[in-house]
Q: 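A single structure is presented below for examination.
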Amino acid sequence: MTAMRCSTCGGATNPGEQETCDACAERDLGRREKQRREQLAWLYTCAHRAVKLARTYRVADGKDGLRARGCLAQVKVYRKDIRGLRDVLGRVSPGITKTRLPAEEQKRASRAG
């Protein structure tokens, strides 16, 4: 049996398990996490700017408010993208959705109080 080599650094890996060694896999994971955080920061910045523009346009446009509505529609898109990035492996980040008690705990709580 031949020893498997890491496709990134050339170090030894466990045969049949993965193409990269553990150190390279951790670096790649860290790099992806850093990129995800940077994307989140960029989306938050864009959303804040769009809200600021919407406030400005709301005052300037008067009754029509077409530009302000366009900005707020773009904010919805940013929020959807933010939720998508924050939802990692099926876990929803706190503060994104309301949490509710499971049905049995709600029944117990209503009986107790």
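Basis for what follows: all heavy atoms, side chains included, without hydrogens, waters or symmetry-related copies.
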Q: Can you tell me how far CG of Leu72 sits from OH of Tyr57, rounded to the nearest 0.5 angstrom?
A: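 Spacing of OH (Tyr57) from CG (Leu72) equals 12.0 Å.
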
Q: When you look at CZ of Arg49, are more than 12 heavy atoms from neighbouring residues, nucleotides or ligands closer to it than 6.0 Å?
A: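 It does not: Arg49 CZ has 12 such atoms or fewer within range.
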
Q: Verify, without hydrogens or angle tests, whether Arg36 (side chain) and Leu85 (backbone) share a donor-acceptor contact under 3.5 angstrom.
A: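 Judged by distance alone, yes, a pair lies under 3.5 Å.
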
Q: Looking only at non-hydrogen atoms, find the nearest pair between Tyr78 and Ala50 and report the distance.
A: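 Shortest heavy-atom separation between Tyr78 and Ala50 comes out as CE1-CB, 4.4 Å.
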
Q: In the structure I gave you, are the side-chain heavy atoms of Lys80 and Val77 within less than 4.5 Å of one another anywhere?
A: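 With C-beta onward as the side chain, the pair stays apart.
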
Q: Would Val51 and Tyr44 show up in the same hydrophobic cluster when neighbours are defined by side-chain heavy atoms closer than 4.5 Å?
A: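 No: no chain of side-chain contacts under 4.5 Å links Val51 to Tyr44.
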
Q: Enter the distance from Arg32:CZ to Lys34:NZ here, rounded to the nearest 0.5 Å.
A: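 If I round to the nearest 0.5 Å, the distance is 15.0 Å.
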
Q: State which residues pass side chain to side chain donor-acceptor pair (under 3.5 Å) with Arg37; sequence neighbours excluded, sorted by chain then number.
A: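 Listed in chain order: nothing, the list is empty.
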
Q: So, for Leu53 and Cys71, which heavy atoms are closest and what is the spacing to 0.1 Å?
A: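 It is CB-SG, 3.9 Å.
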
Q: Using 0.5 Å steps for rounding, measure from the CG atom of Asp81 to the CG atom of Leu40.
A: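 One finds 10.0 Å between CG of Asp81 and CG of Leu40.
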
Q: Keeping the roles fixed (side chain from Arg67, backbone from Ala60), state whether a donor-acceptor pair exists under 3.5 Å.
A: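 Flag not set: sc Arg67 to bb Ala60 has no pair under 3.5 Å.
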
